Structure formats: structure tokens, C-alpha cells
Amino acid sequence: MSADFFGAFSDYIVYEGWNLKGWPQTTMVRGSLVTENMQVVGKPGYGKLVKRRLG
């Protein structure tokens with residue numbers, strides 16, 4: 001697995017160099033479809049930042 005697999009999605013992935021078996025086909029966020037068959041289908045700006053405390 002390498003970042004090239006994702007095209008314009010990202011230049012970095014945490015699974016760089018791993019051999020993976022299987023891949024998610026669909027991603028849902030709060031009940032709405034956001035990715036399907038490796039394509040973003042959700043509306044831009046639908047994401048929501050979840051803040052967390054460090055430490």
C-alpha cells in the first residue's frame with residue numbers, strides 16, 4: 001500500500017508499505033453516504049472536527 005494508490009486524496013497514509021487484505025467499499029458519516037467505490041460522493045464541508053485533549 002502506498003499514498004499513490006489514493007491519487008489526490010492524500011500524500012501520506014499510515015499504512016505505507018503494509019500488505020493489506022480487503023478494503024472498505026462504503027463510508028457513512030452520521031447516517032449519510034460520503035464515499036462509495038473509492039469515490040467521494042458526500043457534499044464538501046460535511047465533515048466535522050472532533051477536538052481532543054492531548055496528554
Side-chain angles (χ1 to χ4, degrees):
M1 179 66 54
S2 74
D4 295 337
F5 178 78
F6 292 97
F9 276 124
S10 177
D11 62 353
Y12 171 80
I13 61 169
V14 297
Y15 305 109
E16 186 79 35
W18 290 25
N19 290 322
L20 302 176
K21 182 176 181 177
W23 195 258
Q25 296 297 308
T26 302
T27 304
M28 306 280 297
V29 174
R30 295 186 300 280
S32 295
L33 185 66
V34 292
T35 65
E36 186 170 42
N37 298 321
M38 297 295 295
Q39 300 294 316
V40 176
V41 296
K43 296 178 182 177
Y46 187 73
K48 186 177 187 180
L49 177 63
V50 178
K51 294 182 179 183
R52 64 184 184 116
R53 289 184 227 145
L54 298 175

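Model, not experiment: these values are computed from the prediction.
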Q. How would you list, by chain and number, every residue that makes a side chain to side chain contact (heavy atoms under 4.5 Å, CB included) with Arg30, sequence neighbours excluded?
A. Tyr46, Lys48

Q. Looking only at heavy atoms, which two atoms of Thr26 and Leu33 are closest? And how far apart?
A. CG2-CD1, 3.1 Å

(Q) So which atom in Thr35 and which in Val41 form the shortest heavy-atom distance, rounded to 0.1 Å? (A) N-CG2, 4.0 Å

Q. Arg52 pairs by side chain to side chain contact (heavy atoms under 4.5 Å, CB included) with which of Leu54, Val50, Leu49?
A. Leu54

Q. With a 4.5 Å limit on heavy-atom distance, are the side chains of Asn37 and Gln25 in contact?
A. yes

